[in-house]
Amino acid sequence: MRSDEPDEVSGDLPEYAERVLDVADLIPPGRVMAYGDVAEWLGEGGPRQVGRAMALYGGAVPWWRVVRSDGVLLAGHELEALTRYREEATPLREASRSAEGHLPRLDMKRARWDGRPSETGIESPETDTGSSETGTDTGDAAHI
């Protein structure tokens with residue numbers, strides 16, 4: 001058995017995948033985290049590892065909230081994700097007429113969640129108590 005597949009007998013997930021799914025569960029409705037944001041929040045792995053964990057095990061969590069950093073909707077799941085984003089009032093940027101399929105993108109500046117506990121009541125393992133509370137979102141995950 002490969003180490004990244006659930007144990008057939010016990011159904012256990014690999015520890016990293018379980019941690020990724022736990023973060024996906026924390027993301028509030030209407031907000032998103034990029035794959036790299038999740039890895040940074042965990043302090044381990046990178047965007048590809050998070051993407052792999054989501055692809056293999058993410059069906060039971062709000063997968064549409066873990067996204068590409070450029071805001072492009074997940075290929076093959078665009079319409080389902082778009083329905084969810086509209087239901088949750090996730091900020092979107094309308095597509096230009098020249099865009100393939102005319103699908104909007106996520107407005108990452110407004111939709112990106114920084115992992116702060118203020119929106120969930122749950123503290124991140126990487127909580128920085130010395131950070132300033134300016135309320136500005138720089139659009140990158142450096143402050144996560």
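All heavy atoms count here, side chains included; hydrogens, waters and symmetry mates do not. Residues take their numbers from the sequence shown, with the count starting at 1.
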Asks: Taking side chain as C-beta onward, heavy atoms only, is V67 less than 4.5 Å from L73?
Replies: no

Asks: Nearest 0.5 angstrom please: L13 CG to L56 CG, how far?
Replies: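 Nearest 0.5 Å value for the CG-CG distance: 10.0 Å.
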
Asks: Please say yes or no: joined through hydrophobic side-chain contacts below 4.5 Å, possibly via intermediate residues, are V72 and I27 part of one cluster?
Replies: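 No, because V72 and I27 fall into different hydrophobic clusters, even though each may have its own neighbours under 4.5 Å.
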
Asks: For R105, which residues count as a salt bridge (Lys or Arg N to Asp or Glu O under 4.0 Å) partner, sequence neighbours excluded?
Replies: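 Applying salt bridge (Lys or Arg N to Asp or Glu O under 4.0 Å) to R105 gives none.
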
Asks: Heavy atoms, side chains only, cut-off 4.5 Å: are R93 and P104 in contact?
Replies: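 Counting from C-beta outward, R93 and P104 never come under 4.5 Å.
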
Asks: Considering non-hydrogen atoms only, spot the tightest contact between M33 and V23 and give its length.
Replies: SD-CG1, 3.8 Å

Asks: Of all residues at least two apart in sequence or in a different chain, which pass the side-chain contact (heavy atoms from CB on, under 4.5 Å) check with L74?
Replies: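 Counting only residues at least two positions away or on another chain, L74 forms a side-chain contact (heavy atoms from CB on, under 4.5 Å) with Y35, W63, H77.
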
Asks: Between M54 and L21, is a side chain to side chain contact (heavy atoms under 4.5 Å, CB included) present by the stated rule, with each step listed?
Replies: CA-CA 7 Å; M54 290 300 296; L21 300 183; 3.9 Å; yes

Asks: List the residues meeting side-chain contact (heavy atoms from CB on, under 4.5 Å) with R84, not counting sequence neighbours, and say none if there are none.
Replies: W64, E80, E87

Asks: Give, for atom CG of D37 and atom CH2 of W113, the distance between the pair rounded to the nearest 0.5 Å.
Replies: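 Rounded to the nearest 0.5 Å, the CG-CH2 separation comes to 10.5 Å.
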
Asks: D25: which residues meet the side-chain hydrogen bond (donor to acceptor under 3.5 Å, both in side chains) condition with it, sequence neighbours left out?
Replies: none

Asks: Ignoring hydrogens and angles, tell me if any N or O in the side chain of R31 forms a donor-acceptor pair with the backbone of R112 under 3.5 Å.
Replies: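 Checking the backbone N and O of R112 against the side chain of R31, a donor-acceptor pair under 3.5 Å is found.
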
Asks: Taking all non-hydrogen atoms of both residues, which atom of P47 and which atom of A39 are closest, and how far apart?
Replies: N-CB, 4.3 Å

Asks: Apply salt bridge (Lys or Arg N to Asp or Glu O under 4.0 Å) to E78 and list each qualifying residue two or more places apart in sequence or on a separate chain.
Replies: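 Per chain and number, E78 pairs via salt bridge (Lys or Arg N to Asp or Glu O under 4.0 Å) with no residue.
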
Asks: Checking side chain to side chain contact (heavy atoms under 4.5 Å, CB included) for the pair V20/V66: CA distance, chi angles, key distance, verdict?
Replies: CA-CA 10 Å; V20 167; V66 181; 5.9 Å; no

Asks: Can you name the nearest heavy-atom pair linking P62 to A24, along with the distance?
Replies: CG-O, 3.5 Å

Asks: Is the shortest heavy-atom distance from the side chain of W41 to the side chain of D114 under 4.5 Å?
Replies: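 Answer no - side chains too far apart.
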
Asks: Within the structure provided, determine whether V50 and Y16 are in side-chain contact (heavy-atom separation under 4.5 Å).
Replies: yes

Asks: Show the nearest heavy-atom pair for residues M108 and S69, with the distance to one decimal.
Replies: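 Minimum heavy-atom separation between M108 and S69: CG-O, 3.6 Å.
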
Asks: For T90, which residues count as a side-chain contact (heavy atoms from CB on, under 4.5 Å) partner, sequence neighbours excluded?
Replies: V32, Y85, E88, L106, A111

Asks: Salt bridge check: are D107 and R110 linked by an N-O gap of less than 4.0 Å?
Replies: yes

